[in-house]
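These numbers come from the heavy atoms of this one structure, side chains and all, not from hydrogens, waters or symmetry mates.
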Amino acid sequence: MQDVEHVARLARLELSPEEGERMREQLDRILGYIDKLRQLDTAGVEPTSHAVPMVNVFRDDEPRPCLSPEEMLANAPDRSGEFFRVPRIIED
Amino acid sequence: MRSAAKDYETVIGLEVHAQLLTRSKMFCGCPTTFGAAPNSQTCPICQGMPGTLPVINRRAIEFGVRTALAFHCTINPGCRFARKHYYYPDMPKNFQISQYEEPLAEHGWLEVTVDGQERRVGIQRLHLEEDVGKLIHDGPLETARSSLVDFNRSGVPLMETVSEPDIRSPEEAAAYLRAFRAILLYLGVCDGNMEERSLRCDANISLRERGETGFGTKVEIKNMNSFRNVQRALEFEVGRQTEALARGERLVQETRLWDADRGYTRSMRSKEFAHDYRYFPEPDLVPLTMDRARVEEIRAGLPELPADRRQRFMRAYTLPAYDALLLTQSRALADYYEAAVREFARPKIVSNWIMSELLREIPADDEKALAASPVPAKNLAGLLQLIDRGTISGKIAKDVFEKMFRSGEDADTIVTREGLIQVADTGALAAIIEQILAANPKAVLDWKRGKKAAAGALVGHVMKATQGKANPGVVNSLLQEKLSQL
């Protein structure tokens with residue numbers, strides 16, 4: 001349960017006791033599955049972080065058109081002029 | 001308190017973030033122009049919208065390699081990007097693309113000069129990442145109801161360089177930053193502007209008993225927006241920690257903010273909640289492998305760096321170490337110096353004029369202002385030629401320089417228009433000298449009684465009578481001649 005609370009806090013999620021309990025059960029099942037995977041002998045196997053065996057994909061440093069501020073702000077829950085407005089930030 | 005200070009050694013490490021001078025952002029094509037209208041330089045990629053894919057800006061990687069080579073780092077044969085997770089409104093994706101376990105480069109060093117002593121400060125690592133948006137608070141942070149967000153900066157390429165904890169004083173920290181900035185400017189990878197936040201510095205500082213090899217409890221300091229403030233904040237912190245230790249207190253590991261107006265650091269009170277960034281390799285970006293041949297090409301293309309240029313200035317122009325260090329601290333200043341010396345080949349005189357006159361008007365590290373100086377190198381050389389030829393005196397030349405600086409005109413124009421040409425005509429000067437001798441019998445008497453310094457006062461009178469236009473050399477010899485005839 002401590003893990004659930006920690007992860008929820010990092011993700012800025014507020015969970016009710018029932019939700020927390022449901023998450024705990026799900027997380028347990030996921031971790032159980034990971035434990036199963038851990039039993040495999042992976043010594044000498046490079047960790048895979050990409051499904052495609054590619055390296056060095058670049059773009060040239062050329063500016064391209066942006067979206068307009070109006071388009072960018074279209075989905076903003078709150079705005080002030082051309083700025084996004086967010087609730088005041090409280091440091092933990 | 002003072003005696004306690006002697007028992008501790010200061011240990012400082014610096015983290016510098018530099019915005020790279022690319023035209024477009026790190027992972028998308030949005031422009032990086034500073035000062036554009038809010039949220040006018042964003043797109044779905046730098047806003048982290050679902051379904052978008054970042055692609056690495058080639059030039060950003062090349063700038064990183066350039067800088068790493070200039071810092072004598074080892075370029076890692078492979079590197080990759082990682083996601084650093086945290087939740088803050090300056091970053092809509094909720095993760096920042098950075099580098100973690102496999103940075104671009106490691107294990108370099110930077111040469112730092114303090115009080116004429118050179119020291120190497122180690123560089124632990126250099127990596128690339130993306131910048132985040134800018135928050136503007138609605139009034140003071142404590143009382144603001146809301147904050148405004150501008151995402152123009154989010155996704156701009158940042159290069160983070162972490163020093164080893166090798167720095168031993170606040171002064172050395174400032175010297176490190178000056179040397180660091182100069183190299184970035186020589187390389188042309190960053191504009192080095194601390195006010196516009198294209199160069200930022202955080203510091204870690206701890207104290208330990210002298211002779212100790214382990215480290216004390218470290219404090220991170222943020223929010224210092226100039227070299228001067230980095231030094232002040234660190235000086236404050238040395239004092240605070242020394243006093244706390246002298247009182248037998250235990251220091252806590254924490255982040256503190258520098259308040260430049262009040263001149264102190266204050267705790268951010270957020271450290272119990274240890275950061276947990278949950279890094280993992282960025283699945284949307286493929287790994288990078290460094291092509292050795294390309295790295296060597298970049299190395300071969302590095303410009304002459306400040307330390308080399310300083311050595312060359314001492315050798316080629318036989319300048320004192322002090323002059324060479326000062327003149328090479330920015331590329332624009334060193335270029336200015338060399339351009340002036342090409343036109344007027346007396347290196348030490350040019351150096352003196354730059355140090356005393358030009359740098360009174362323009363800070364030595366202000367590249368833009370130096371490059372746009374109202375007195376370009378050629379005009380300074382022109383002024384020095386007028387002195388050299390005896391057309392004007394050195395004293396008058398200082399006034400002319402100031403007028404040149406205000407008006408942007410060259411020396412000839414000002415000297416001719418204002419009739420400042422030096423009087424070296426012996427006949428005209430002899431007449432003036434006779435008047436002065438007649439009007440100052442006491443000085444003449446003093447001189448005759450062996451007080452040779454009295455001649456100086458008489459020269460002064462002549463200069464005054466000619467409004468500084470008399471050639472001092474001619475005045476002197478004429479005066480000596482007249483006096484000895486009396």
Side-chain angles (χ1 to χ4, degrees), chain A residues 2-15 23 27 30-31 34 37-38 42 45-92, chain B residues 22-25 27-33 37-44 46-47 55-61 78 80 85-90 92 94 133 135-138 141 143-151 268-270 272-273 276 278 280-283 285-289 291:
Chain A
Q2 265 183 347
D3 286 341
V4 172
E5 279 165 8
H6 179 63
V7 173
R9 185 165 183 201
L10 288 175
R12 303 287 187 272
L13 293 176
E14 218 176 304
L15 300 178
M23 292 296 160
L27 199 61
I30 295 167
L31 292 175
I34 302 282
L37 288 177
R38 275 213 183 120
T42 56
V45 181
E46 269 286 297
T48 309
S49 62
H50 293 86
V52 278
M54 284 173 83
V55 293
N56 302 343
V57 178
F58 296 113
R59 32 171 276 279
D60 289 330
D61 183 27
E62 293 298 334
R64 302 228 312 248
C66 304
L67 288 186
S68 70
E70 276 315 308
E71 285 173 290
M72 226 46 248
L73 286 155
N75 295 322
D78 193 8
R79 63 184 281 183
S80 170
E82 292 191 327
F83 290 98
F84 290 83
R85 199 205 321 249
V86 296
R88 111 182 162 104
I89 298 123
I90 306 156
E91 280 280 332
D92 280 274
Chain B
T22 54
R23 300 171 64 210
S24 65
K25 290 187 180 179
F27 302 114
C28 66
C30 290
T32 53
T33 327
N39 293 302
S40 64
Q41 298 188 346
T42 68
C43 75
C46 54
Q47 292 285 30
V55 186
I56 299 167
N57 184 333
R58 188 195 313 273
R59 197 192 308 264
I61 302 292
R80 70 172 86 218
H85 296 86
Y86 68 90
Y87 286 66
Y88 206 64
D90 61 8
N94 295 332
L135 289 175
I136 298 154
H137 302 297
D138 239 352
L141 189 53
T143 54
R145 282 225 208 94
S146 60
S147 299
L148 305 179
V149 197
D150 174 6
F151 288 115
M268 279 178 77
R269 288 167 295 139
S270 63
E272 291 87 298
F273 182 61
D276 183 352
R278 294 153 293 151
F280 64 72
E282 166 59 87
L285 291 170
V286 298
L288 302 183
T289 57
D291 177 27

Most contact-rich option vs chain B, by heavy-atom pairs under 4.5 angstrom, among A:Glu70, A:Arg79, A:Glu71, A:Arg64, is A:Arg64

Contact class of B:Phe280 relative to chain A, heavy atoms under 4.5 angstrom: neither

Is B:Pro31 close to A:Cys66 at the side-chain level, that is, under 4.5 Å between some pair of heavy atoms? yes

Per-residue contact mode, A:Ala11 against chain B (heavy atom under 4.5 angstrom): both

Please flag which part of B:Ile61 lies under 4.5 Å from any non-hydrogen atom of chain A: side chain, backbone, both or neither. side chain

Closest approach of B:Leu148 to A:Ser80 (non-hydrogen atoms, all atoms of both residues): CD2-CB, 3.6 Å

Cut-off 4.5 Å, heavy atoms of chain B, and the answer for A:Met72 is side chain

I need the residue from A:Val55, A:Leu67, A:Asn56, A:Asp61 with the largest number of non-hydrogen atom pairs under 4.5 Å to chain B. A:Asp61

Side chain, backbone, both or neither: which part of B:Pro281 has a non-hydrogen atom closer than 4.5 Å to chain A? side chain

State the CZ-CG distance between A:Arg12 and B:Asn94, to the nearest 0.5 angstrom. 9.0 Å

So which heavy atom on B:Val286 is nearest to which on A:Met54, and how close? CB-O, 3.3 Å

With a 4.5 Å cut-off on side-chain heavy atoms, are A:Arg59 and B:Asn57 touching? yes

Counting C-beta onward and ignoring hydrogens, is there a side-chain heavy-atom pair between B:His85 and A:Leu10 closer than 4.5 Å? no

Chain A: which of B:Pro44, B:Cys28, B:Ala37 shares the most heavy-atom pairs with it under 4.5 Å? B:Cys28

Choice from B:Gln41, B:Lys25, B:Arg80, B:Arg278 maximising heavy atom contacts with chain A below 4.5 Å: B:Arg278

Highest number of heavy-atom pairs under 4.5 Å with chain A: which of B:Thr42, B:Thr33, B:Thr22? B:Thr42

Atom pair CZ/CG of A:Phe83 and B:Leu135 - distance to nearest 0.5 Å: 10.5 Å

I'd like to know if B:Arg58 pairs up with A:Asp60 as an ion pair, taking the criterion as any Lys NZ or Arg NE/NH1/NH2 lying under 4.0 Å from an Asp or Glu carboxylate oxygen. yes

Interatomic distance, B:Leu285 atom CG to A:Phe58 atom CZ [nearest 0.5 angstrom]: 10.5 Å

As an exercise, state the distance from CZ of A:Arg9 to OH of B:Tyr87, rounded to the nearest 0.5 Å. 14.5 Å

